[in-house]
Amino acid sequence: MAKKAAGVPRPVKTTEHVLRFGTRSAETGWRDVVATQKNAAVDAWDRLTTAPCTSDPRCHQLRGELATIVRDGVEHDRWQYELTGGARIWYYVEQRTVVVIVVIDVFTAHPNQTK
């Protein structure tokens, strides 16, 4: 029996950012969002690879003590992308890489951390 064919990864244009997971929980959360909200996940992927630091009602830098994150001694702006259906993606940008640090899913209301 033939081995199952692997999926074809989406190529990235030279002008786009690359997405990578910064934590295991982000990887698990992303997998859950893709399984439950595939279209919203594709929209998030497209947005985060093309314009991760452009603010609008769906995508914005977090405020207050959540506004920045320090990784390996470097401070980065922490951003949030809001998917339809209530999921949130928190990330920071390091050069041309979007580092997904957490995928927060299944809120019945606005998350308390960002009020």
Side-chain angles (χ1 to χ4, degrees):
M1 182 174 217
K3 187 175 166 180
K4 185 176 179 181
V8 176
R10 181 185 176 276
V12 178
K13 295 178 183 178
T14 56
T15 57
E16 290 181 326
H17 289 73
V18 174
L19 296 182
R20 78 172 173 84
F21 296 114
T23 64
R24 289 243 187 250
S25 66
E27 188 173 357
T28 301
W30 178 258
R31 190 172 34 245
D32 293 346
V33 167
V34 169
T36 59
Q37 303 175 43
K38 186 174 266 185
N39 290 342
V42 171
D43 291 343
W45 177 283
D46 289 343
R47 171 58 186 274
L48 296 181
T49 58
T50 58
C53 297
T54 303
S55 292
D56 62 29
R58 184 170 298 273
C59 186
H60 51 85
Q61 184 179 358
L62 292 170
R63 289 185 232 147
E65 59 188 46
L66 296 174
T68 60
I69 184 171
V70 177
R71 288 292 171 113
D72 299 324
V74 179
E75 186 173 286
H76 304 277
D77 293 339
R78 186 176 356 201
W79 288 75
Q80 173 175 271
Y81 179 89
E82 301 178 16
L83 287 85
T84 54
R88 306 286 196 268
I89 298 173
W90 286 4
Y91 64 93
Y92 66 91
V93 178
E94 186 174 57
Q95 296 176 353
R96 302 279 320 153
T97 302
V98 174
V99 182
V100 177
I101 49 177
V102 66
V103 178
I104 306 168
D105 195 9
V106 193
F107 285 113
T108 56
H110 195 80
N112 286 332
Q113 297 102 313
T114 59
K115 282 188 178 178

Worksheet item: Same cluster for Val99 and Leu66 if Ile/Leu/Val/Met/Phe/Trp/Tyr side chains link at under 4.5 Å?
Response: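 Yes.
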Which heavy atom in [X] sits nearest to a heavy atom in [Y], and how many Å separate them?
{"X": "Glu82", "Y": "His60", "result": "OE2-NE2, 3.0 Å"}
{"X": "His17", "Y": "Thr97", "result": "CD2-N, 4.1 Å"}
{"X": "Pro52", "Y": "Cys59", "result": "O-SG, 3.9 Å"}
{"X": "Leu83", "Y": "Gln37", "result": "CB-OE1, 4.2 Å"}

Worksheet item: Run the side chain to side chain contact (heavy atoms under 4.5 Å, CB included) check on Ile89 and Arg47 step by step: do they pass?
Response: CA-CA 12 Å; Ile89 298 173; Arg47 171 58 186 274; over 6 Å; no
Within a strict 4.5 Å, meaning less than it, do heavy atoms of the [X] and [Y] side chains meet?
{"X": "Thr49", "Y": "Val98", "value": "no"}
{"X": "Glu75", "Y": "Val70", "value": "yes"}
{"X": "Thr68", "Y": "Tyr92", "value": "no"}
{"X": "Arg58", "Y": "Thr84", "value": "yes"}
{"X": "Val102", "Y": "Arg78", "value": "no"}
{"X": "Asp32", "Y": "Val103", "value": "no"}
{"X": "Ile101", "Y": "His76", "value": "no"}

Worksheet item: So, Trp79 and Gln61: side-chain donor and acceptor under 3.5 Å apart, yes or no?
Response: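 No, Gln61 and Trp79 have no side-chain donor paired with an acceptor closer than 3.5 Å.
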Can you measure from [atom1] ([X]) to [atom2] ([Y]) and round to the nearest 0.5 angstrom?
{"X": "Asp46", "Y": "Arg10", "atom1": "CG", "atom2": "CZ", "answer": "5.5 Å"}
{"X": "Ile104", "Y": "Gln80", "atom1": "CD1", "atom2": "CD", "answer": "6.5 Å"}
{"X": "Asp43", "Y": "Tyr81", "atom1": "CG", "atom2": "OH", "answer": "5.5 Å"}
{"X": "Glu94", "Y": "Asp72", "atom1": "CD", "atom2": "CG", "answer": "7.5 Å"}

Worksheet item: Backbone N or O of Leu48 within a donor-acceptor pair of the Tyr91 side chain at under 3.5 Å?
Response: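 Checking the backbone N and O of Leu48 against the side chain of Tyr91, no donor-acceptor pair under 3.5 Å is found.
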Item to complete: Without swapping roles, check the side chain of Arg24 against the backbone of Thr28 for a donor-acceptor pair under 3.5 Å.
Response: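 Pair absent, no side-chain N/O of Arg24 close to backbone of Thr28.
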Discussion item. The test is side chain to side chain contact (heavy atoms under 4.5 Å, CB included); show your working for Val93 and Asp77 and say whether it passes.
Written reply: CA-CA 7 Å; Val93 178; Asp77 293 339; over 6 Å; no
Discussion item. With a sphere of 6.0 Å drawn around CG of Asn39, does it hold more than 12 non-hydrogen atoms of other residues, nucleotides or ligands?
Written reply: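 Counting neighbours around CG of Asn39, 12 or fewer heavy atoms of other residues, nucleotides or ligands fall under 6.0 Å, so no.
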